[in-house]
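Below is one structure, written out as structure tokens; the observations come after it.
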2 protein chains.
Amino acid sequence: MPKRTKAEAEATREALLDAAEVIFLERGVSRTSLEQIARQAGMTRGAVYWHFKNKSDLFHAMLDRVKMPLRQLLDDVEDPERPRAPLESLRLATLHALARLQRPRSRRVHTILFHCCESSSDVDILDLHQKLSDECFETMVERFQEAHRTGTLVESVEPEIACRMLMSMFLGLMHDWLRGPDRYDIGEIGPRIIDTFFERITLYPTAGIGTSSAPTESSGSVQ
Amino acid sequence: MPKRTKAEAEATREALLDAAEVIFLERGVSRTSLEQIARQAGMTRGAVYWHFKNKSDLFHAMLDRVKMPLRQLLDDVEDPERPRAPLESLRLATLHALARLQRPRSRRVHTILFHCCESSSDVDILDLHQKLSDECFETMVERFQEAHRTGTLVESVEPEIACRMLMSMFLGLMHDWLRGPDRYDIGEIGPRIIDTFFERITLYPTAGIGTSSAPTESSGSVQ
DNA sequence: ACAGGCATACATACATGAATGTAAACTTGA
DNA sequence: TCAAGTTTACATTCATGTATGTATGCCTGT
């Protein structure tokens, strides 16, 4: 029954993307044909070619439905007008990114990105990750540098190294957990890892990280 | 000129695997045909099908030429009769694994594993990583537990968490660096990351690790 | 030692199937 | 009716696996 209303057309588009997520996940991107995606959505290849130029286009559209967590992380760091201690801000952002990752769609798409698609096949994952990673590093390292200046970051820990440690840990944790999400509860392990990391590199002038009563002064710029 | 000597046949086999590394790297595994591999090696598909059952078999043969660094890491931890402190043994093993990764062949193959192949396409990467990762965790966590018992590991750091931190950091660093090896010198950044990590979780009864005799105080476990 | 015979180490040819992209038909909402 | 949305049909491309061809190295009997 062709030709639905405009809303229905949009619904089939979403259904196609949903289907793509499922099939990409279980067959891998390169091994899934557009017909498999169409059938999973209850359509035919014609519908796919109407809404998307080709598989690569569909893939990008699928990615666009989930904001990348690393980018979202940065946005949430900047979030309120209320300035936090830089390390605390980074910690919360990381935890938030971890929480986002557990949402079904985000989890599926990132699993596909990490484990079910090749670099130079249908989409240039390399550049995609590259830009995100670089942008993420540049923004986060400023926080670490500020923490280092203000003495919140343990002095023997270089800001650039701390930043790469955090990013590597997060990346590695994603990679490992998404490989087999049922092996352990990321909602429990993840925060413990993040918190332990920040606990080990943070110098507390007065109180601890605890819940949120982190001290935000220590304005004695050491230099 | 068919039918070479036995040594020559073995040489073509190696040439085919070399070619596979190159082409897999630049085209991705699923997009490379066996003919492309054969031509890169100066052969035809007949040679490929003589030496290997199919693309999956060839892929596994390629993997077999590089011992997996994580497994090699564990072997080297156990290496001499001389018993080391568990954390120091882990640190050295990690550094050694990092060094191995920089060797051209290892680097190429691991780049392929991380970025140029899908999970359920030609080989089951998931299981492959899974077994390795689990085995690695089980062995390493014992070391961390021992360090925790003997007081070498900072008490507020749980052994299981420390183990996952190290593994995630290493995995994430591999993933990130192999994505664009020319962005930074892993030979310099890597060890600094590893050393900083162990410096931050180690309690030194008397002296420090390499150069830095930094005492890790701040043991006032808050909360 | 050497002449056959056989297995080896490839190359070539072919049959098959599957995925792609496009064009044309169809069907219904606006 | 017109165009958006979807189906069906078709031509093309391409990789795969296999079957066959073939020349050479190696071995064995004498």
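Throughout, a chain's letter reflects where its sequence line sits, starting with A, and its residues are numbered from 1.
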Using the six-membered ring of A:F137, assess whether NZ or CZ of A:R164 lies under 6.0 Å from its centre and within 45 degrees of the ring axis.
yes
Contacts of A:T32 and B:A9 projected onto DNA chain C by closest heavy atom; the upstream (5') one is B:A9
Quick one, which residues of residues 11-24 of chain B touch DNA chain D with a heavy atom under 4.0 Å?
none
What is the distance, rounded to the nearest whole Å, between atom CG of B:L58 and atom P of D:dT16?
11 Å
Write down the distance between CG (A:D57) and C1' (C:dT20), rounded to a whole number of angstrom.
15 Å
Using a cut-off of less than 4.0 Å, is there contact between a side-chain N or O of B:T5 and OP1 or OP2 of D:dT24?
no
Please list, in numerical order, the residues of residues 41-53 of chain B that have a heavy atom closer than 4.0 Å to any atom of DNA chain D.
B:R45, B:Y49
Is the closest side-chain heavy-atom distance between A:K55 and A:L34 below 4.5 Å?
yes
Length of the CD-C1' vector between B:E35 and C:dT12, whole Å:
11 Å
Could you list all the side chain to side chain donor-acceptor pair (under 3.5 Å) pairs where at least one residue sits in residues 43-52 of chain A, not counting sequence neighbours?
A:T12-A:H51
Member of A:D195, A:T196, A:I201 meeting the side-chain contact (heavy atoms from CB on, under 4.5 Å) criterion with A:F198
A:I201
From NZ of B:K55 across to C1' of D:dT16 the rounded distance in Å is 10 Å
Look at atom CZ of A:R39 and say whether more than 12 heavy atoms of other residues, nucleotides or ligands are closer to it than 6.0 Å.
no
Could you tell me the separation between the CG atom of B:L34 and the C1' atom of D:dA15, rounded to a whole number of Å?
8 Å
Rounding to an integer number of Å, can you tell me how far B:K6 NZ sits from C:dT8 P?
8 Å
Gap between atoms CZ and P, on B:R31 and D:dT16 respectively (whole Å)
13 Å
Salt bridge check, B:E146 against B:R143: does any charged N sit closer than 4.0 Å to a carboxylate O?
no
Holding to side-chain hydrogen bond (donor to acceptor under 3.5 Å, both in side chains), I want the full list of residues that pass it with A:R103, two or more places apart in sequence or in another chain.
none
By the ring pair (Phe, Tyr, Trp, His ring centres under 6.0 Å) test, which pairs, at least two apart or in different chains, include something from residues 25-48 of chain B?
none
The side-chain hydrogen bond (donor to acceptor under 3.5 Å, both in side chains) partners of B:R65 (sequence neighbours excluded) come to B:E14, B:D18, B:E21
When the distance from CZ of B:R39 to C1' of D:dC14 is rounded to whole Å, what number comes out?
13 Å
